[in-house]
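We count ligands from 1, going down the list as the structure has it; atoms in each ligand are counted the same way.
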Amino acid sequence: MQLLDGKATSEEIKKELTLAILDRKQNGKKIPHLAAILVGNDGGSMTYVNAKVKACEEIGFESTLIRYDESVSEEILLAKVQALNEDKSVDGFIVQLPLPKHIDELLITQAIDPKKDVDGFHPVNLGNMILNIPGFLPATPAGIMELLKRNNIETEGKNCVILGRSNIVGQPLSILLAQNTNPGNCTVTLTHSKTKNLKEICLTADILIAAIGKPGFVTADMVKNGAVIIDVGTTRVIDESRPRGWYLSGDVDFVNVAPKCSFITPVPGGVGPMTIASLMINTLRAMELKGK
Ligand code: NAP
């Protein structure tokens with residue numbers, strides 16, 4: 001078994017981006033500017049946004065964090081999105097999901113200028129992805145594709161089973177892995193909570209990707225010998241014995257699954273850092289596409 005080290009791979013990408021920014025600085029060019037909107041005080045969301053801001057600082061991007069109280073109105077949020085669309089100093093921005101229930105996430109996502117949509121959630125960018133037209137790929141699926149590519153994981157002709165059909169992970173990933181690209185050319189099965197015979201389907205997987213948010217759901221008896229395992233799940237599990245009172249768990253029973261597989265991503269340190277690296281790549285591209 002070999003660890004698919006997303007942290008190490010993301011550090012490689014961040015080094016490349018740092019050099020690209022130094023080069024831009026030396027040539028008097030603009031530095032990419034990422035803005036992030038965070039609503040409320042959810043611990044997970046705060047951790048993710050802080051990690052994104054920290055990555056910007058490390059690489060030398062400009063960043064702006066805009067925070068709103070949980071009770072912010074949809075109208076105020078839409079007005080801010082519009083202001084960021086028009087702000088020439090901002091190259092790309094994200095609205096951290098999930099949003100409070102009284103706000104329509106789709107409405108907010110659709111209000112973002114697709115050219116600044118560095119999370120790749122806007123329908124225009126998702127449409128471009130399906131047609132394989134250059135645009136912004138959703139950060140987590142793009143991060144997984146980059147992780148596979150940089151670690152020379154063979155995908156052509158492989159059976160890939162994905163658990164979870166969310167708009168931000170499972171569905172886009174199923175499209176990317178089925179495309180005639182490298183990585184890609186997989187035969188993909190996209191599963192969900194209504195799927196029957198899930199264990200049997202998982203056992204057909206050369207590449208198994210879990211994105212459901214259920215700690216330890218994928219057990220050793222669901223995994224074929226030699227499979228590649230990508231664990232997207234990140235759930236905070238309460239554990240008072242830990243200094244923070246919780247730990248982060250993936251969807252895979254790592255201890256028992258790892259000995260059976262060829263490659264496996266850890267949680268933390270697997271897909272999470274690659275998602276952030278993809279966001280940084282998208283932000284640099286957003287600026288370059290404007291011809292700056
Ligand atoms: P989500 O919106 O939470 O949806 C969960 C998906 O899992 C749904 O499609 C659901 O099916 C499916 N599901 C639930 N129980 C299942 C079961 N027993 N068997 C098969 N499928 C089942 O998905 P998400 O937003 O992609 O999040 C999934 C996990 O990934 C979460 O832990 C999240 O924190 C994590 N995540 C991590 C990153 C990262 O960068 N590391 C990024 C994004 C998400 P139905 O559609 O039928 O309900």
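- Partner Lys224 forms a side chain to side chain contact (heavy atoms under 4.5 Å, CB included) with one of Leu208, Val161, Asp206 and no other, that one being Asp206.
- In terms of protein heavy atoms, atom 46 (O) of ligand 1 is closest to Arg165 NE, 2.7 Å.
- From the protein, the heavy atom lying nearest to atom 2 (O) of ligand 1 is Ser166 CB, 3.7 Å.
- Ligand 1 lies nowhere less than 4.0 angstrom from a heavy atom belonging to Leu163.
- When all heavy atoms are compared, the tightest approach of Pro141 to Leu176 is CB-CD1, 3.8 Å.
- What sits closest to atom 41 (N) of ligand 1 on the protein, heavy atoms only, is Val232 O, 3.5 Å.
- The single protein non-hydrogen atom nearest to atom 31 (C) of ligand 1 is Gly213 CA, 3.6 Å, given as residue, atom name and distance.
- Atom numbering of ligand 1 starts at 1 in the shown order; those under 4.0 Å from a heavy atom of Gly272 are 40 (O), 41 (N).
- Considering each of Ala210, Pro98, Ala211, the one bringing a non-hydrogen atom nearest atom 27 (O) of ligand 1 is Ala211.
- A donor-acceptor pair shorter than 3.5 Å cannot be found between the side chains of Tyr48 and Thr275.
- For atom 40 (O) of ligand 1, the nearest protein heavy atom (residue, atom name, distance) is Thr275 OG1, 2.8 Å.
- In this structure, Lys15 does not pair ionically with Glu12, as no charged nitrogen and carboxylate oxygen lie closer than 4.0 Å.
- Taking every non-hydrogen atom of Gly164 and a distance limit under 4.0 Å, the qualifying atoms of ligand 1 come out as 6 (C), 7 (O), 9 (O), 12 (C).
- Between Asp251 and ligand 1, not a single N/O pair is under 3.5 Å apart.
- With a 4.0 Å cut-off on non-hydrogen atoms, Ile212 touches ligand 1 through its backbone as well as its side chain.
- Using modelled atom types and a 3.5 Å distance limit, the side chains of Ser249 and Thr235 yield no donor-acceptor pair.
- Put simply, the residue from Asp119, Asp117, Thr283, Leu84 that forms a side chain to side chain contact (heavy atoms under 4.5 Å, CB included) with Ile94 is Asp119.
- With distances taken over non-hydrogen atoms, the option nearest atom 45 (P) of ligand 1 out of Gly233, Ser193, Gly143 is Ser193.
- Looking at Lys214 next to ligand 1, an N or O pair under 3.5 Å apart turns up.
- Under 4.0 Å from ligand 1, the heavy atoms of Ile168 that appear belong solely to its side chain.
- In terms of heavy atoms, Pro183 sits closest to Thr155 at CA-OG1, 3.5 Å.
- Between Leu3 and Pro266, the closest side-chain pair of non-hydrogen atoms falls below 4.5 Å.
- Here the protein heavy atom with the shortest distance to atom 42 (C) of ligand 1 is Thr140 OG1, 3.3 Å.
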* Asked: Does the pair Val267 and Phe254 meet the rule for a side chain to side chain contact (heavy atoms under 4.5 Å, CB included), with working shown?
  -> CA-CA 9 Å; Val267 176; Phe254 184 92; over 6 Å; no

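- Residue Thr234 places a heavy atom under 4.0 Å from ligand 1.
- Here is the list of ligand 1 atoms found below 4.0 Å of a heavy atom in Phe217: 17 (C), 18 (N), 19 (N).
- When the heavy-atom distances from atom 43 (C) of ligand 1 to Val169, Leu97, Ile144 are ranked, the shortest goes to Val169.
- In terms of polar-atom proximity, Tyr48 is not counted as a contact of ligand 1, lacking any N or O under 3.5 Å from an N or O of the ligand.
- Residues Met145 and Leu4 share a single hydrophobic cluster, defined by chaining ILVMFWY side chains whose heavy atoms lie under 4.5 Å apart.
- More than 12 heavy atoms of other residues, nucleotides or ligands sit less than 6.0 Å from atom NZ of Lys14.
- The 12-atom threshold is exceeded at CD of Glu86, counting heavy atoms of other residues, nucleotides or ligands nearer than 6.0 Å.
- When hydrogens are left out, the protein atom nearest atom 21 (N) of ligand 1 is His192 C, 3.1 Å; that is the closest non-hydrogen contact.
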